[in-house]
Protein chains: 2
Amino acid sequence: MARQAVADKRQRRQRGSISVDEIINGAFEVANEASVDGLSMPLLAKHLDVGVTSIYWYFRKKDDLLNAMTDRALGQYDFATPFVEGQDWQESLRNHARKMRQTFRSNPILCDLILIRGTFGREATQAAFQKLEKAVATLVEAGLSPEDAFDTYASISVHTQGAAVLERLQDRSGGAEPYRRSGTSVIDPETMPLIADLTEKGHRIGIADDINFEYGLNCILEHASRLIAARGEAG
Amino acid sequence: MARQAVADKRQRRQRGSISVDEIINGAFEVANEASVDGLSMPLLAKHLDVGVTSIYWYFRKKDDLLNAMTDRALGQYDFATPFVEGQDWQESLRNHARKMRQTFRSNPILCDLILIRGTFGREATQAAFQKLEKAVATLVEAGLSPEDAFDTYASISVHTQGAAVLERLQDRSGGAEPYRRSGTSVIDPETMPLIADLTEKGHRIGIADDINFEYGLNCILEHASRLIAARGEAG
DNA sequence: ACCTGAACACCGTTCAAGT
DNA sequence: ACCTGAACACCGTTCAAGT
């Protein structure tokens, strides 16, 4: 009697029927459905209709696969966020920062791979340097010293990344579990008159949101424009 | 013949010999050695000299245990970072922000539990509200409107948290693997004259460090002081 | 009421094969 | 050269006990 139980076993794949690109593509597909954390080798293998161990011929460790994904993600990110010069340096920088944030927001996987998993150890992309050079040039032309220009761009960059990361982490855990303390949260108007009023108006504490992002961005840009003004007076 | 193989088996613990506090203490000890990610139930059980499943009597899920740890971490954090009023509101806020950052830096577990794992879903602590109230009061007294005072403090809070998280994520992956591209990192002085010069002087791009933290903090405080000045003129 | 091992379904990774 | 299942050591969690 033939065993039907074996019927659903996958057929053996041909030699060369798996490619690095195919694996990475599949990995992004799985990550899109299950998030980067949910991406596992068995899950990916099932998605690709491949033996789990076959993946290990192309990527010796899962970490190698994630590195390859991160490289591709960085490419996407760089492509999506060029630095566009304009007549108004403030608006150029502002739009640039907004675009960066928006890219991370609309694509959490980029955020997880690039920011949270951390490209920090490795060198910055060539594309990142080009953006930096362009932005610094714009600021220098506007009247900043190269050093101040660099610090300004670095500050915008970190501000944007920080906002993106915090927001992503909020989403991650916020979606999972509301978890409210019973009553403890109530603000006593007697002892805390100021914030009792403000929180009723909808203000939120310690939350990275649009308002907060724009506010910080404004502060940085304003600081830069003051530096320019001060230089103009001195020169 | 008695079996010696069984000799190293743990003795059964007495009833009531395990307590919630003991478990949480042990969990922090393990986390201190192996990081929060490295904290596993079997590892914790071994550390406590307890059967793995015993822990599940006190915490139905690992997540519950992590929540308990986070609560304690929040207590520590709140205790370590009170808002101290002073005659100079700028220095008060600056010191407050520095203290918050320093607390996270010197205690990565706090960072992992509070910021990265995310207390975001739940309500803010009572202590957090008290700090907020005090800070807002200080700023209002300095001449800000309650709304501006709130935005300023929120901005400082998010700036500090963002800096702490990014720095922590840097450390996490940076320590694991240096990973440098061969040559690709070199900046061509021909096409990128500005940053070629600056990076040689030790500037670093996209890195959350002391300089960047202080710079952003300055921008926020400067913005606040301008708001105060503008109000003073108008009033 | 509290503590426990066996057992299950998952995971990353290695090894010794198969073709 | 490429694909594979069996196997190992880990993990979180459940269950049916033991005391």
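This is a predicted model, so every value here is computed, not measured. Hydrogens, waters and symmetry mates play no part in the numbers below; they use all other heavy atoms, side chains included. Each chain gets a letter, A, B and so on, in the order the sequences are listed, and its residues count up from 1.
Proximity of A:R10 to the phosphate of D:dT4: a side-chain N or O atom is located under 4.0 Å from OP1 or OP2. Applying the 4.0 Å criterion to OP1 and OP2 of C:dC2, one finds that B:Y56 has every side-chain N and O outside that range.
For A:Y77, the side-chain hydrogen bond (donor to acceptor under 3.5 Å, both in side chains) test picks out no residue, with sequence neighbours left out. In this view, B:V84 and B:P82 satisfy the side-chain contact (heavy atoms from CB on, under 4.5 Å) rule, not counting sequence neighbours. With sequence neighbours left out, B:D209 forms a side-chain hydrogen bond (donor to acceptor under 3.5 Å, both in side chains) with no residue at all. Every residue two or more places apart in sequence or in another chain was checked for a ring-ring contact (aromatic ring centres under 6.0 Å, His included) with B:Y56, and none qualifies. Residues passing the side-chain hydrogen bond (donor to acceptor under 3.5 Å, both in side chains) test with A:R94 are A:E91, A:N218, sequence neighbours excluded. Every side-chain hydrogen bond (donor to acceptor under 3.5 Å, both in side chains) that A:R13 has, sequence neighbours left out, goes to A:S17.
Residue A:L65 contributes atom CG, which lies 14 Å from atom C1' of C:dT13 at whole-angstrom precision. Remark: C1' of C:dG12 and CG of A:D64 are 13 Å apart, rounded to the nearest angstrom. Rounded to whole angstrom, the span from the CH2 atom of A:W57 across to the C1' atom of C:dA17 amounts to 16 Å. For the pair A:I55 CD1 and C:dT14 P, the computed distance is 14 Å after rounding to whole Å. A straight line from NZ of A:K61 to P of C:dC11 spans 18 Å, rounded to a whole angstrom. Between the CZ atom of B:R60 and the P atom of C:dC2 there is a distance of 15 Å, given to the nearest Å. As rounded to whole Å, 12 Å separates atom C1' of D:dG12 from atom CG of B:L66.
Counting any heavy atom pair closer than 4.0 Å across all strands shown, B:R12 reaches a base atom. At the heavy-atom level, B:Y58 lies under 4.0 Å from the strands shown only through sugar-phosphate atoms.
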Only pairs under 3.5 Å count here: list side-chain donor-acceptor contacts from residues 38-53 of chain B, not counting sequence neighbours, and write none if there are none.
{"from": "B:S40", "atom 1": "OG", "to": "B:L43", "atom 2": "N", "distance (Å)": "3.2"}
{"from": "B:H47", "atom 1": "NE2", "to": "B:E29", "atom 2": "OE1", "distance (Å)": "2.5"}

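For B:K62, the NZ atom sits in a packed shell: over 12 heavy atoms of surrounding residues, nucleotides or ligands are nearer than 6.0 Å.
No side-chain donor from either of B:Y58 and B:S19 sits under 3.5 Å from a side-chain acceptor of the other.
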Close N or O pairs between protein and nucleotides 6-9 of chain C (under 3.5 Å):
none

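Of all the residues in residues 14-23 of chain A, A:Q14, A:R15, A:G16, A:S17, A:I18 reach under 4.0 Å from DNA chain D with at least one non-hydrogen atom. Residues from residues 30-47 of chain B lying near DNA chain D, meaning a heavy-atom separation below 4.0 Å, are B:L39, B:S40, B:M41, B:P42 in numerical order.
A:I18 places a side-chain heavy atom less than 4.5 Å from the side chain of A:S54. Contact check for B:F104 versus B:V165: no side-chain heavy atoms found under the 4.5 Å cut-off.
A ring pair (Phe, Tyr, Trp, His ring centres under 6.0 Å) check over residues 14-40 of chain B, counting only residues at least two apart or in different chains, returns nothing.
Each of A:G51 and B:K62 was assigned the nucleotide of DNA chain D with the nearest heavy atom; the assignment lying further toward the 5' end belongs to A:G51.
A stem is defined here as three or more consecutive Watson-Crick or G-U pairs, each with both distances under 3.5 Å; for DNA chain D these stems are C:4-8 with D:12-16, C:12-16 with D:4-8.
A perpendicular orientation is assigned to the rings of A:F83 and A:H96, their planes being inclined by more than 60° (bins at 30° and 60°).
Looking only at distances, a side-chain donor or acceptor of A:H159 sits under 3.5 Å from a matching main-chain atom of A:F213.
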